[in-house]
Protein chains: 2
Amino acid sequence: MRRSKKERQQLLSSTIQENPFITDEELAEKFQVSVQTIRLDRLELSIPELRERIKTVAEKRFDDEVRSLPLEEVIGEIIDMELDQSAISIFDVKEEHVFKRNQIARGHHLFAQANSLAVAVINDELALTAKANIQFKRSVRLNERVIAKARVMNIDDVTGRTLVQVSSFVNNELVFTGDFQMYRSKNN
Amino acid sequence: MRRSKKERQQLLSSTIQENPFITDEELAEKFQVSVQTIRLDRLELSIPELRERIKTVAEKRFDDEVRSLPLEEVIGEIIDMELDQSAISIFDVKEEHVFKRNQIARGHHLFAQANSLAVAVINDELALTAKANIQFKRSVRLNERVIAKARVMNIDDVTGRTLVQVSSFVNNELVFTGDFQMYRSKNN
DNA sequence: GAAAACTTATGACTAGGTACTAAGAGTAGT
DNA sequence: ACTACTCTTAGTACCTAGTCATAAGTTTTC
């Protein structure tokens with residue numbers, strides 16, 4: 001025996017993890033054992049065959065592509081709404097919303113929740129954000145539930161410009177505030 | 001012939017592009033022709049076999065993983081970067097970024113591009129946004145290319161707080177500006 | 001009606017396996 | 001020393017999703 005079985009299997013695992021595109025034959029050559037031994041090892045370690053490995057890598061990529069359009073619809077779920085007055089939405093912070101390094105939610109998701117709530121609360125076909133003044137009060141972490149509350153502060157009778165104040169909370173603790181100055185297409 | 005050859009081949013192309021995981025047999029079933037016809041079609045269109053297709057998808061993913069580890073969490077593509085000084089990114093506005101009604105880009109995407117550029121330009125493991133003051137100068141439409149330029153304005157020696165100014169342009173026309181006050185974990 | 005284009009069938013071969021059986025080598029216990 | 005056990009190797013039949021080449025049948029076009 002060139003190496004103990006255990007040692008070989010550990011190396012095998014890491015080798016395949018590092019490069020899933022390697023065939024049993026290449027592995028046999030690398031570890032100086034027969035192809036059958038490699039296959040027994042894979043069986044014991046329940047490592048799938050080359051083609052299956054490649055397939056899952058490819059499928060993951062496909063999933064990622066779908067997942068990486070996270071800013072698509074209205075961010076968060078609107079649970080209460082009085083047009084031109086107030087609105088509330090909830091947003092659950094998941095894996096895809098946080099920095100991998102520190103599990104803190106990326107700012108633009110909190111902004112997106114608040115901004116799209118500000119857009120939604122306005123009783124108009126075509127509301128757009130003109131300006132915003134925002135503050136991140138404390139960082140939001142993975143799995144926290146953010147509740148955003150929007151209040152329409154005043155509507156300029158002439159221009160239709162509207163100020164919307166949004167405050168976001170996690171467990172009643174303020175995490176984000178934003179003042180949004182919104183355009184309207186028509187003055188309702 | 002259920003469909004002309006040309007028509008079938010065009011559909012074949014797009015079908016495979018959309019779902020590279022489909023076998024010749026499934027395609028034959030779908031187009032109501034024999035497997036051999038599908039194979040001739042693939043030959044003429046030089047579309048590789050299932051396994052090769054899956055492999056290239058998987059390989060791309062591997063490439064992506066290596067290339068985009070640090071910049072992966074950035075919205076838009078960074079094309080220039082001097083840490084703690086300046087950075088530029090481009091962001092192409094696609095279908096998924098606009099309001100369906102009027103084809104205008106949703107504000108939070110412009111914010112996300114600017115904000116993540118502000119995060120990236122800071123030479124620190126853990127940069128977070130504290131405050132931001134933003135203005136949407138004119139609305140950005142479908143298929144426009146937004147170029148965001150970030151400049152680090154000043155770094156507080158004591159707190160490490162950093163002001164980053166971001167201006168975004170479409171064809172040299174200013175569409176967005178933002179002042180981002182950023183935290184750092186350590187004072188470099 | 002023949003030529004050209006298209007479609008289908010058939011057979012031999014491939015990579016990279018699975019599943020199973022069988023046999024030999026090395027080591028440990030008694 | 002003999003047996004029991006683990007580990008390794010070999011070989012066979014079978015699988016999928018193809019390739020390549022040849023041939024034959026079917027339409028379409030001139």
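Each chain gets a letter, A, B and so on, in the order its sequence line appears, and its residues count up from 1. Everything quoted here is computed from the prediction, not taken from an experiment.
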Interatomic distance where CD belongs to A:Glu7 and C1' belongs to D:dC7 [whole Å]:
15 Å
Nearest whole Å is fine: how far is D:dT28 P from B:Lys6 NZ?
17 Å
By nearest nucleotide on DNA chain C, pick out whichever of A:Leu50 and B:Gln9 is the more 5' one.
B:Gln9
Residue A:Ser34, side-chain atoms from C-beta onward, closest of C:dG17, C:dA19, D:dT9:
D:dT9
Within less than 4.0 Å of OP1 or OP2 of D:dT9, is there a side-chain N or O belonging to A:Thr37?
yes
Using the closest heavy atom to pick a nucleotide of DNA chain C for each, name whichever of B:Lys55 or B:Glu44 lands nearer the 5' end.
B:Glu44
Respond yes when some side-chain nitrogen or oxygen of B:Arg51 is under 4.0 Å from OP1 or OP2 of C:dG16, and no when none is.
no
Heavy-atom distance under 4.5 Å between the side chains of B:Val170 and B:Arg138, does that happen here?
yes
Given atom CG of A:Asp41 and atom P of D:dT6, what is their separation to the nearest angstrom?
16 Å
Does CZ in A:Arg53 sit with more than 12 non-hydrogen atoms of other residues, nucleotides or ligands closer than 6.0 Å?
yes
So B:Phe31 and B:Leu11, side-chain contact (heavy atoms from CB on, under 4.5 Å) or not? Walk me through it.
CA-CA 9 Å; B:Phe31 292 109; B:Leu11 265 168; 3.6 Å; yes
Quick one: label A:Gln36 by what it contacts on the DNA or RNA (base, sugar-phosphate, nothing), any heavy atom closer than 4.0 Å.
base
Using side-chain heavy atoms (C-beta onward) and a distance below 4.5 Å, is B:Arg184 in contact with B:Thr162?
yes
Closest nucleotide among C:dT10, C:dT18, D:dA10 to the A:Arg39 side chain:
C:dT18
C:dT8 P sits how many Å from B:Leu40 CG, rounded?
10 Å
Atom pair distance, as rounded to whole Å: CZ in A:Arg53 and P in C:dG17:
6 Å
Specify the separation, in whole Å, of atom CD1 of A:Ile22 and atom P of C:dG16.
12 Å
What is the distance from CG of A:Leu43 to P of D:dT8, rounded to the nearest Å?
14 Å
Round to the nearest Å and state the distance from B:Ile38 atom CD1 to D:dG18 atom C1'.
14 Å
Any heavy-atom pair between the side chains of B:Leu45 and B:Leu12 that's under 4.5 Å?
yes
Nearest to the side chain of A:Arg8 - D:dT8, C:dT7, D:dT9?
D:dT8
